[in-house]
Undergrad: 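A single structure is presented below for examination.
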Amino acid sequence: MKIATWNVNSLRVRLPQVLDWLAVNPVDALCLQETKQEDCAFPHAELAAAGYQSVHAGQKTYNGVAILARSELREVSRGVAGFDDHQQRLITATLDTAQGPLRLVCTYFPNGQEVGSDKYDYKLRWMAALTDTLRQELANTDRLALLGDFNIAPEDRDVHDPAAWKDKILCSVPERSAFRQLLELGLNDAFRLFEQPEKSFSWWDYRMMGFRRNLGLRIDHILLSQNLKDHCVGCQVDKTPRRLERPSDHAPVVAELTL
DNA sequence: ATGTCTCAGGGACTGAGA
């Protein structure tokens with residue numbers, strides 16, 4: 001089976017691209033971020049017509065996360081447990097596979113804006129709360145995948161110009177430490193389980209012809225619990241949708257599991 | 001290069017967020 005994540009930067013704008021992508025890439029589950037719409041506007045029917053059930057935690061204008069899947073999504077929960085948050089950044093659901101249940105956690109980490117800002121502080125507090133929640137989830141299951149836009153480039157090799165980005169937002173030491181805390185829960189970066197091309201990224205700024213010049217960062221990730229890591233046979237960034245007209249600034253990331 | 005894109009308010013453009 002295949003699972004994927006894609007920050008679409010407005011599902012209202014990008015729904016046709018999502019449907020086109022799913023037609024070519026019929027993944028078993030797709031996590032979306034930055035849907036930027038309320039639950040009542042979410043296109044459940046259009047996605048169902050394409051063969052996907054969907055669950056959504058949305059809000060007007062900003063944020064918003066969704067999970068699409070070819071079969072039933074159950075035990076759906078929204079938000080980070082114990083963290084009072086008006087921003088819709090987390091949705092969790094269970095998907096049944098031939099070899100048992102798979103817990104899918106779809107996430108949109110805060111951007112943080114600038115190191116030292118209030119939004120940066122919120123990002124670090126949000127990540128600490130997420131880590132606590134996942135520790136509890138992992139006590140209940142050994143088949144958990146955390147997929148989404150983490151807004152963190154974990155290492156210098158995930159950055160087109162590490163010197164320019166040193167200690168900047170998305171690359172700062174505290175953000176990278178928080179990312180490592182997630183790995184220390186027993187999660188594994190699916191992308192790094194395999195040999196990858198140099199300068200592989202998942203996001204490119206719309207400005208400065210960032211994509212054409214490959215001025216990117218790898219900030220969209222799929223983290224797998226130990227059991228799922230042992231079943232993972234591939235992980236790639238699909239740059240195809242980033243080449244379309246009116247693209248999202250992010251590309252999808254896909255992992256293949258022998259489940 | 002304060003560079004691009006999306007959204008909301010209000011009804012043309014500006015500001016916020018990324």
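To find a chain, count down the sequence lines: A is the first, B the second, and so on, and within it residues start at 1. Just so you know, these numbers come straight off a predicted model, no measurement behind them.
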Undergrad: Just compare B:dA18, B:dC7, B:dT4 and give me whichever is closest to any side-chain atom of A:Tyr206.
TA: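 The answer is B:dT4, which lies nearest to the side chain.
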Undergrad: Among the candidates B:dA18, B:dG3, B:dT6, find the nucleotide nearest to the side-chain atoms of A:Tyr108.
TA: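 Minimum distance to the A:Tyr108 side chain belongs to B:dA18.
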Undergrad: Roughly how far apart, to the nearest Å, are B:dG10 and B:dG15 at atom C1'?
TA: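 Here B:dG10 and B:dG15 have their C1' atoms 14 Å from each other.
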Undergrad: Side chain of A:Asn111 only, heavy atoms from C-beta on: which candidate in B:dC5, B:dC7, B:dA18 is closest?
TA: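 Minimum distance to the A:Asn111 side chain belongs to B:dA18.
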Undergrad: By nearest nucleotide on DNA chain B, pick out whichever of A:Asn9 and A:Asn151 is the more 5' one.
TA: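 On the 5' side of the pair lies A:Asn9.
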Undergrad: Can you tell me how far C1' of B:dT4 sits from CZ of A:Arg213, to the nearest Å?
TA: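 Whole-Å distance recorded here is 14 Å.
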Undergrad: If I pick the P atom on B:dA16 and the same atom on B:dG3, what distance separates them, to the nearest angstrom?
TA: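 The same atom, P, in both gives a distance of 14 Å.
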Undergrad: Given A:Asn214 and A:Trp204, is the side-chain hydrogen bond (donor to acceptor under 3.5 Å, both in side chains) satisfied, shown in steps?
TA: CA-CA 7 Å; A:Asn214 200 29; A:Trp204 301 260; 2.9 Å; yes
Undergrad: Please measure how far the C1' atom in B:dA12 lies from the corresponding atom in B:dC7, and state the result in whole Å.
TA: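 Their C1' atoms lie roughly 16 Å apart.
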Undergrad: Answer yes or no: is there a side-chain heavy-atom contact under 4.5 Å between A:Ile91 and A:Val76?
TA: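 Yes, their side chains come closer than 4.5 Å.
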Undergrad: Any salt bridge (Lys or Arg N to Asp or Glu O under 4.0 Å) pairs touching residues 14-31 of chain A, not counting sequence neighbours?
TA: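 Residue pairs passing salt bridge (Lys or Arg N to Asp or Glu O under 4.0 Å), neighbours aside: none found.
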Undergrad: Quick one about A:Ser248 and A:Asn9 (side-chain donor to acceptor, distance below 3.5 Å, no hydrogens or angles considered), yes or no?
TA: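 No, A:Ser248 and A:Asn9 have no side-chain donor paired with an acceptor closer than 3.5 Å.
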Undergrad: For a quick test of reading the model: is some side-chain N or O of A:Arg14 closer than 4.0 Å to OP1 or OP2 of B:dT6?
TA: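 Checking B:dT6 against A:Arg14, a side-chain N or O does come within under 4.0 Å of OP1 or OP2.
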Undergrad: So which protein N/O to nucleotides 11-16 of chain B N/O distances come out below 3.5 Å?
TA:
none

Undergrad: Kindly indicate whether the side chain of A:Lys123, heavy atoms from C-beta on, has any atom under 4.5 Å from the side chain of A:Gln113.
TA: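 Result no, sub-4.5 Å side-chain heavy-atom pair not found.
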Undergrad: Considering just the side-chain nitrogens and oxygens of A:Lys60, establish if one lies under 4.0 Å of OP1 or OP2 belonging to B:dT6.
TA: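 So the side-chain polar atoms of A:Lys60 never come under 4.0 Å of the phosphate oxygens OP1 or OP2 of B:dT6.
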Undergrad: Whole angstrom is fine here: how far is it from CZ in A:Phe211 over to C1' in B:dC5?
TA: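 Going from CZ in A:Phe211 over to C1' in B:dC5 covers 16 Å.
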Undergrad: Report yes if a side-chain nitrogen or oxygen of A:Thr61 is closer than 4.0 Å to either non-bridging phosphate oxygen (OP1 or OP2) of B:dG17; otherwise report no.
TA: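 Negative; the distance criterion is not met.
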Undergrad: For the side chain to side chain donor-acceptor pair (under 3.5 Å) test, which of A:Arg89, A:Gln88, A:Gln33 pairs with A:Asn63?
TA: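 Single side chain to side chain donor-acceptor pair (under 3.5 Å) partner of A:Asn63 among A:Arg89, A:Gln88, A:Gln33: A:Arg89.
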Undergrad: What is the separation between atom CG on A:Asn7 and atom P on B:dG17, rounded to the nearest whole Å?
TA: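 A:Asn7 atom CG is separated from B:dG17 atom P by 17 Å.
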Undergrad: Both A:Lys36 and A:Asp249 contact DNA chain B. Which one's nearest nucleotide lies toward the 5' end?
TA: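 The answer here is A:Lys36.
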Undergrad: CH2 of A:Trp204 versus P of B:dC5: gap in Å, rounded?
TA: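 From A:Trp204 CH2 to B:dC5 P: 16 Å.
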Undergrad: If the cut-off is 4.0 Å, is A:Arg246 near the phosphate of B:dT6, judged by side-chain N/O to OP1 or OP2?
TA: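 Answer is yes, contact under 4.0 Å.
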Undergrad: B:dC5 P sits how many Å from A:Asp205 CG, rounded?
TA: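 One finds 10 Å between P of B:dC5 and CG of A:Asp205, rounded.
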Undergrad: Can you check the A:Arg207 CZ to B:dT2 P distance for me, whole Å?
TA: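 So the CZ-P distance, A:Arg207 to B:dT2, works out to 9 Å.
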Undergrad: Please state whether the rings of A:His250 and A:Trp203 are parallel, tilted or perpendicular, taking 30° and 60° as the class boundaries.
TA: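 Tilted: the ring planes of A:His250 and A:Trp203 meet at 30° to 60°.
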Undergrad: Need one value for A:Phe109: base, sugar-phosphate or nothing, where a base atom within 4.0 Å counts as base even if backbone is also close, heavy atoms only.
TA: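 The answer is nothing, as A:Phe109 stays clear of every strand by at least 4.0 Å.
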Undergrad: Specify the separation, in whole Å, of atom OH of A:Tyr120 and atom P of B:dG17.
TA: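 Nearest whole value for this atom pair: 19 Å.
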Undergrad: Distance between the C1' atoms of B:dT2 and B:dA18, in whole angstroms?
TA: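 My reading of the C1' atoms in B:dT2 and B:dA18 gives 15 Å.
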Undergrad: Let me know the distance between CD1 of A:Ile152 and P of B:dA18, rounded to the nearest Å.
TA: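 That distance rounds to 14 Å.
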Undergrad: Could you walk me through whether A:Asp238 and A:Trp21 pass the side-chain hydrogen bond (donor to acceptor under 3.5 Å, both in side chains) test, one step at a time?
TA: CA-CA 10 Å; A:Asp238 180 4; A:Trp21 189 82; 2.8 Å; yes
